[in-house]
Protein chains: 4
Amino acid sequence: MRQTIKKESIRLFGENGFKETSIQDIVQALHVTKGTFYYYFSSKEELLTEIHFEFIDNLVEQIDEIASHTTKKNHQKLVDVVRLMVINIKSERSSGNILFREMRHLGENSYTEIARKRYEVRERVEGIIEEGIRDGEFRANLNSSIVSLGILGIVNWSYQWLNPEGKFSPEEVANIFVDMILHGVLLQEEDNR
Amino acid sequence: MRQTIKKESIRLFGENGFKETSIQDIVQALHVTKGTFYYYFSSKEELLTEIHFEFIDNLVEQIDEIASHTTKKNHQKLVDVVRLMVINIKSERSSGNILFREMRHLGENSYTEIARKRYEVRERVEGIIEEGIRDGEFRANLNSSIVSLGILGIVNWSYQWLNPEGKFSPEEVANIFVDMILHGVLLQEEDNR
Amino acid sequence: MRQTIKKESIRLFGENGFKETSIQDIVQALHVTKGTFYYYFSSKEELLTEIHFEFIDNLVEQIDEIASHTTKKNHQKLVDVVRLMVINIKSERSSGNILFREMRHLGENSYTEIARKRYEVRERVEGIIEEGIRDGEFRANLNSSIVSLGILGIVNWSYQWLNPEGKFSPEEVANIFVDMILHGVLLQEEDNR
Amino acid sequence: MRQTIKKESIRLFGENGFKETSIQDIVQALHVTKGTFYYYFSSKEELLTEIHFEFIDNLVEQIDEIASHTTKKNHQKLVDVVRLMVINIKSERSSGNILFREMRHLGENSYTEIARKRYEVRERVEGIIEEGIRDGEFRANLNSSIVSLGILGIVNWSYQWLNPEGKFSPEEVANIFVDMILHGVLLQEEDNR
DNA sequence: CATGAATGAGAATTCATTCAT
DNA sequence: CATGAATGAATTCTCATTCAT
């Protein structure tokens, strides 16, 4: 039941927002009563907190795995990270949107910790960029910090518009993004790509 | 007074969210009473609607101007659009965040129209990409639609983290983004950039 | 309206208890709505706090006036205090019962301050006893602290049972108490009172 | 288990109040579950009722024993009653406070019966006073009814402030009260106490 | 123009109690 | 004997909105 509530809440929070979804909405969708909700969660905030942690912990773990790989090239790691996050949309779109939108409703402590974990994600990407520069894979004059934020912008924003059932699959979109990030949009006449 | 209310509301909605900001909060910050608010606005939603239109209309207008330029090269137009939107953060950060976050609270009609205008922005960017491909400025195999969404992701996401008073100015960030979008991150050994 | 709410609340809290009286009960008795209550009071606790302060401040003031009198004998002061507090029941019975019973529902700060003020009352009575001992009015071997608590017990307890409309009027009861406190119950055969 | 629940409940009700103590609080403190509680008690009210009866029955019995003594002088009986009730605080403080504070939560029948038993206590004290007057031990002009209520006020009120571990022991306090009740506070210059 | 009192429809949360196992 | 899941009614509080003045 705990999982059921969480799953339905993710759907509703993702669709309509945290504030906009009442406990009533949640339990009604599950044909149970408010009491049941409060038997499993001590507050709406606790539920939200758990949703946040579940999503971010999973993400951090997967990104860590990619980033800490010892033999992979950095541009491959970057590709992997982008693909991971975009393809994640298939199963975690709502959770992602919740994370990007509802953090302010967390309690102070949870907020801080989630913020730290989001920062870890950013650090991993930055680390890949920096290492790639050192290894001569990436252009030397990149600002790793801002470029990382740009890449995360591309990826995170896609949670807003990318419909897994739509014209382009997450996989295709991920590939397009990867290509764009790696090579830019400009045609370099002198190179024979 | 109407402008004063709107301005303060933008600040509060941007900082704390639409739902989270009560009419009470707004009028209290302005040392007026609720009656005053309702003299100038018929509802909270009307206020929100106006904030949305003001921001998006202004944006569309500026982007149209860039996109409809007849002599500029398309990569220059792209640069201009990115710079426009990022530098906009200096004066319109809150409005932007409101647009990206609170659209769901609009009435049906306004929602549709705002959505249409947001789509126009996207179309302009797509148009620039497509034309650039035709003109041989951009790589031929780009998916203009997804690439545009990527670019908008970079730009729109920066409303979330870019602090105009921070380490990097919007101008610097815009330049880094432009460079990244045009050239990608990869070092092309054969070219002598 | 604020006064009306307070007055009705004192009646209801006094009769049925703070916890047992819902906001609904209060506004229903006044034929207004819950919104009205919260227009005048920010919380049920604020209302309770105000009731406490109004009662205790008034009491402290009156007792101070008696205690600080410069020409009165101390036994007369003691008589005055007892009469004051018992006769108070006529107009303030509910408030008194609220004070004696509902203090725990105050917020921490208010609680502390009310406790301090209640202690002041006790101190005034102790002061009268002590001074009376020094002046040779009262028996020298009295424990002023415990005796004061005994006197306050007599008086405060009467808020529980003394019905101003009952067989004995507050004035009569006060006189009986005064006599009892001053002379005790024992018949001293050797004295010709 | 029944006793364990009762004992813990007395502690919690006495400390925090009947309404303020949830079944959850009780079973949690005992590391059992709600089911267990409801196996032993059919309702929270039944528990409260039992606590009331246990306390008052015990008190009535002890007071009856004192009052019905045939050889003791009445002033001695009065002394015994006061001492009994004050010293009772050592073991029954919480129960006493519950009785004085939570009676309103009893069901109608229990309420009536408890009220009757409380009245019995009062009657015994009145009886002692009256008999003492007849026997010439007490002053003839005492109003036995009001004086009794005064004495009970002294005693019952001490449940509110008398800390058995505090500066004055219940025994000492009882002695001071007894002295005060018997002799009053006034110094009778003509007698040589 | 502006005020401020009043409304009423929800919102989150609590909690005694039930009941199948 | 004991558990723990589930209930549902009640409670405090919020807030956009109305309206007479």
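Every chain is numbered from 1 and lettered A, B, ... according to where its sequence line falls, protein lines coming before strand lines.
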Run the side-chain contact (heavy atoms from CB on, under 4.5 Å) test on V27(A) and V32(A) for me, step by step, so that the C-alpha distance in whole Å, both residues' side-chain angles and the decisive distance to 0.1 Å come before the verdict. CA-CA 5 Å; V27(A) 298; V32(A) 294; 3.9 Å; yes
Please evaluate residues T112(D) and N109(D) with respect to the criterion side-chain hydrogen bond (donor to acceptor under 3.5 Å, both in side chains), reporting the C-alpha separation (whole Å), side-chain torsions for both, the decisive distance (0.1 Å), and the verdict. CA-CA 5 Å; T112(D) 310; N109(D) 290 341; 5.4 Å; no
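For the segment residues 36-47 of chain D, the set of residues with a heavy atom within less than 4.0 Å of an atom of DNA chain F comprises T36(D), Y39(D), Y40(D), in numerical order. DNA chain E is contacted by T21(D), S22(D), I23(D) of residues 11-23 of chain D, taking any non-hydrogen atom closer than 4.0 Å.
Under a 4.0 Å N-O distance rule, the pair R11(B)/E8(B) qualifies as a salt bridge. A salt bridge does not link E102(D) to K19(C): none of the charged side-chain nitrogens sits closer than 4.0 Å to a carboxylate oxygen. A salt bridge does not link E54(D) to K7(D): none of the charged nitrogens lies less than 4.0 Å from a carboxylate oxygen.
Side-chain contact, H105(C) with E20(D): a donor N or O sits under 3.5 Å from an acceptor N or O.
No donor-acceptor contact under 3.5 Å links the side chain of K34(B) to the base of dT3(E).
The shortest non-hydrogen separation linking E46(B) to Y40(B) is OE2-O, 4.1 Å. Heavy atoms only, all atoms of each residue included: L12(A) and I26(A) are closest at CD1-CA, 3.8 Å.
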When Watson-Crick pairs (N1 to N3 and N6-O4 or O6-N4) and G-U wobble pairs (N1-O2 and O6-N3) count only below 3.5 Å on both distances, what is the dot-bracket string of DNA chain F, with | for other-strand pairs? .||||||||||||||||||||
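Judged by the 6.0 Å distance and 45° axis criteria, R104(D) is not positioned over the aromatic ring of Y111(D).
Straight-line distance from the CG atom of L48(C) to the P atom of dT12(F): 12 Å, rounded to whole Å. If you measure from atom NE2 of H31(C) to atom P of dA6(E), you get 15 Å, rounded to the nearest angstrom.
Between Q24(C) and G35(C), the residue whose closest nucleotide on DNA chain F is further toward the 5' end is Q24(C).
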